[in-house]
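What follows is a set of notes on a single structure, which appears directly below.
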Amino acid sequence: MSNNDVRVRFAPSPTGPLHIGGVRTALYNYLFAKKNGGKLILRIEDTDQNRFVPGAEQYIIDSFKWCGIEFDEGATAGGDYGPYKQSERKNYYREYAIKLIKSGHAYYAFDTPEELNKVRSVYEAEKRTFIYNADERKRLKNALTLTDEETKALLSNGEPYVIRFKMPENENVIMDDLIRGRIEVNSSVLDDKILFKSDGMPTYHLANIVDDHLMKISHVIRGEEWLPSLPLHVLLYDAFKWEKPKFAHLPLILKPDGNGKLSKRDGDRLGFPVFPLQWTDPKTGSVSSGFREDGYIAKAFVNMLALLGWNPGDDREIFSMYELVEEFTIERVGKSGSKFDPQKAAWFNHKYLQKEKNNELAEMLLPIAESNGVLVEKDKMSRVIGIVKERANFVKDIWNQLDFFFVRPQEYDSKAVNKRWKHDSYDQMNELKDILYNISSFKSEHMEEVVKTWIENKEYGMGMIMNAFRLLIVGALRGPHLFDIIAILGKDETLKRMDQGLNKLGRKE
RNA sequence: GGUCCGUUCGUCUAGUCAGGUCAGGACGCCAGGUUUUCAUCCUGGUAACACGGGUUCGAAUCCCGUACGGACUACCA
């Protein structure tokens, strides 16, 4: 197979917001496709009519757009192998199911879910495992136990039926996984899975094989939760006499603490998002946070996700999407699950935040400033951001690093006052005020030189003066280089703040 | 319960396929440095081959077993 034949797909079910595990699966598919000059297809697997959630499909599309994952074919991009929504392919599946019946690989079954549940609970009570397999199907209501006439009669009566796969009795199914290698399972432990439901829709198993074949999918890269059904899928390909795609089953993304699959609950409990975008459940109205809304930069999010389960084999950690495409290989995907680490995610975001242009960050900060009741010029915001952004992990953190540029101290941190506002401070700050009032240039370096010379000449303590000064300007002991701050505030504002502070703090006895 | 998959610092991981440097890097944490503050930044430190056998001169690496964890076990995907 030449590289041009590489066709992979991401096939979500629109039953809710897309979990980051799903995003990562899509990302790896995307990287694999691009790396190999192939195509990525988005197929919507909406064969379960009961679980349909309005808005979920659009959410999925919006999420990938935000991440920068582009599809070559699919529900939105179009293509020659459509339709790309399984609900619109409904008519294909019955035909293929019947093909399997004719070739002896499948059969009609008439057991109702209630009947089967009953059998299952009887088995459970006896501590036995119920498997609808070669043994059990002899005792159940299906085309194998019924006569042809009885089956035909039931069908023509409109009796509800399903079509089940006729699992071979004792066959070693040998599978090959790109990540895990050779896997072998005996078919006797597998069951006669339903391929076609009584509502006229196929199950995942049938639809996925038929569509992957029809869409000429070359590699199936999906989550590890599908590994147990791989033998069925392999057998299905064999039954159809179709060429199999190559398979790769990705490890899971685990919760940061303890064990198990990362879930929405973990995010709520530990305070981080598990979905790329914020999602409002249409039924309950409950809102789940998203990486985007929490201030993550899309590129940082993608970079972090790519490294969760894959690595380039060396020490590099920062990758653009382009670089990921260049470097990505399935062979370097790990076998074991990865715990999501919110702290490392924040670190990635910090790295990307530093690369972000100041005026673009300013654009994002202006609304935040406004919601704090402050109207700011974009240019000034941009300038200030340049000074403080290295201190922040997220855009929303930046405001807390620069609010004092725009808002005079409302109060003075009492601890700081206790520690740094001493008896001499009042007179010293008055002296400093005079110096700044008369200074020739309000440039940062110049002021620093003048003020430091004054401190040395007077033999004042540098820490004493500068901290008291900071207290007057900022209201607390925080923020960047103080002379940079007052240079931006300007002489008027600086002197006003000094007056205000001197008034409020007064002379300490 | 059954089937399958997995297991290297607290976390993400390199090293495993071709057995042979004090098991390397990053996040976190701790310490020191820079600094007028808080951060950033820089330097250093902490810390792991799940366990038990076997093969071998030599095992994180190969083999077997055990333990632990996970996924799956629907007319859901």
Side-chain angles (χ1 to χ4, degrees), chain A residues 11-15 45-48 50-51 109 111-113 116-117 120 123-124 127-131 160-164 175 177 179-181 183-186 189-191 193-199 201-205 207-208 222-231 249 251-252 254 256-261 304 307-317 331-332 334-348 350 354 388-392 401 416 419-420 448 451-452 455 461-471 474 476-483:
Chain A
S13 187
T15 54
E45 307 224 326
D46 53 351
T47 52
D48 186 352
N50 301 319
R51 292 208 308 161
D111 320 276
T112 65
L116 290 175
N117 283 339
R120 279 197 192 93
Y123 270 64
E124 201 172 328
K127 301 222 159 156
R128 291 162 62 201
T129 315
F130 173 75
I131 309 177
Y161 67 90
V162 299
I163 298 174
R164 284 182 183 270
M175 297 155 285
D177 185 277
I179 293 172
R180 286 152 217 284
I183 300 166
E184 195 174 332
V185 179
N186 191 285
V189 298
L190 272 16
D191 60 348
K193 273 274 178 294
I194 291 175
L195 301 177
F196 198 83
K197 300 183 275 187
S198 59
D199 64 359
M201 290 292 255
T203 61
Y204 169 86
H205 304 293
N208 139 72
R222 76 228 299 194
E224 185 184 309
E225 67 269 27
W226 293 111
L227 205 47
S229 43
L230 180 58
H249 288 88
L252 268 13
L254 277 16
D257 57 344
N259 299 303
K261 214 159 131 180
M304 176 275 295
L307 272 288
L308 207 57
W310 171 87
N311 76 84
D314 56 40
D315 292 345
R316 291 171 299 160
E317 299 211 83
E331 290 71 29
R332 294 212 63 88
K335 290 176 165 67
S336 50
S338 314
K339 291 184 182 176
F340 172 72
D341 182 358
Q343 282 182 313
K344 188 129 189 189
W347 175 81
F348 272 110
H350 177 263
Q354 306 318 309
V388 302
K389 75 173 172 188
E390 66 182 19
R391 316 159 82 87
Q401 300 288 349
K419 196 174 166 199
R420 294 300 190 177
E448 182 168 359
V451 171
K452 282 189 172 168
I455 291 171
M462 178 76 95
M464 224 42 244
I465 296 295
M466 292 307 296
N467 281 303
F469 188 21
R470 180 176 293 276
L471 206 42
V474 177
L477 300 181
R478 64 186 174 104
H481 193 61
L482 192 48
F483 293 105

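Keep in mind that the numbers below use all heavy atoms, side chains included, and drop hydrogens, waters and symmetry copies. As the structure is a computational prediction, the values presented were derived from the model and not from experiment. Reminder, nothing fancy here: chain letters follow the sequence lines and each chain counts from 1.
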With a 4.0 Å cut-off, would you call A/Lys193 and A/Asp191 a salt bridge?
yes
Measuring to OP1 and OP2 of B/U13, would you say a side-chain N or O of A/Lys344 lies under 4.0 angstrom away?
no
Could one point to a donor on the side chain of A/Arg470 or the base of B/U37 with an acceptor on the other under 3.5 Å away?
yes
Test: A/Glu448 and A/Lys452 ion pair at under 4.0 Å:
yes
For B/A50, what is the paired nucleotide under Watson-Crick or G-U wobble rules, both distances under 3.5 Å?
B/U66
Please check the phosphate of B/C76 (OP1 and OP2 only) for any side-chain N or O of A/Thr15 closer than 4.0 Å.
no
Counting any heavy atom closer than 4.0 Å, what does A/Pro202 reach on the DNA or RNA strands: base, sugar-phosphate only, or nothing?
sugar-phosphate
To the nearest angstrom, the CE-P distance between A/Met462 and B/U35 comes to 10 Å
Identify whether any heavy atom of A/Lys335 sits under 4.0 Å from a base atom; if not, whether one sits that close to sugar-phosphate; answer base, sugar-phosphate or nothing.
sugar-phosphate
Tell me whether the side-chain N or O atoms of A/Arg180 pair up with the base of B/C5 as donor and acceptor below 3.5 Å, since no angle test is needed here.
no
N/O (side chain, A/Lys197) to phosphate O (OP1/OP2, B/A77) under 4.0 Å:
yes
Strictly by Watson-Crick or wobble contacts shorter than 3.5 Å, is anything paired with B/C72, and which nucleotide is it?
B/G2
Under 4.0 Å: is that the gap between some side-chain N or O of A/Asn467 and OP1 or OP2 of B/U37?
no
Report yes or no: is there a donor-acceptor pair, N or O only, under 3.5 Å between the side chain of A/His481 and the base of B/U36?
yes
Reckon A/Lys339 has a side-chain N or O less than 4.0 Å from the OP1 or OP2 of B/G10?
no
Contact under 4.0 Å: A/Ser338 side-chain N or O vs B/U13 OP1/OP2
yes
So, OP1 or OP2 of B/G1: does either fall under 4.0 Å of a side-chain N or O from A/Arg120?
no
Is A/Lys261 side chain donor-acceptor paired with the B/A71 base, going by distance under 3.5 Å alone?
no
According to side chain to side chain donor-acceptor pair (under 3.5 Å), who are the partners of A/Lys419, at least two apart in sequence or on a separate chain?
none
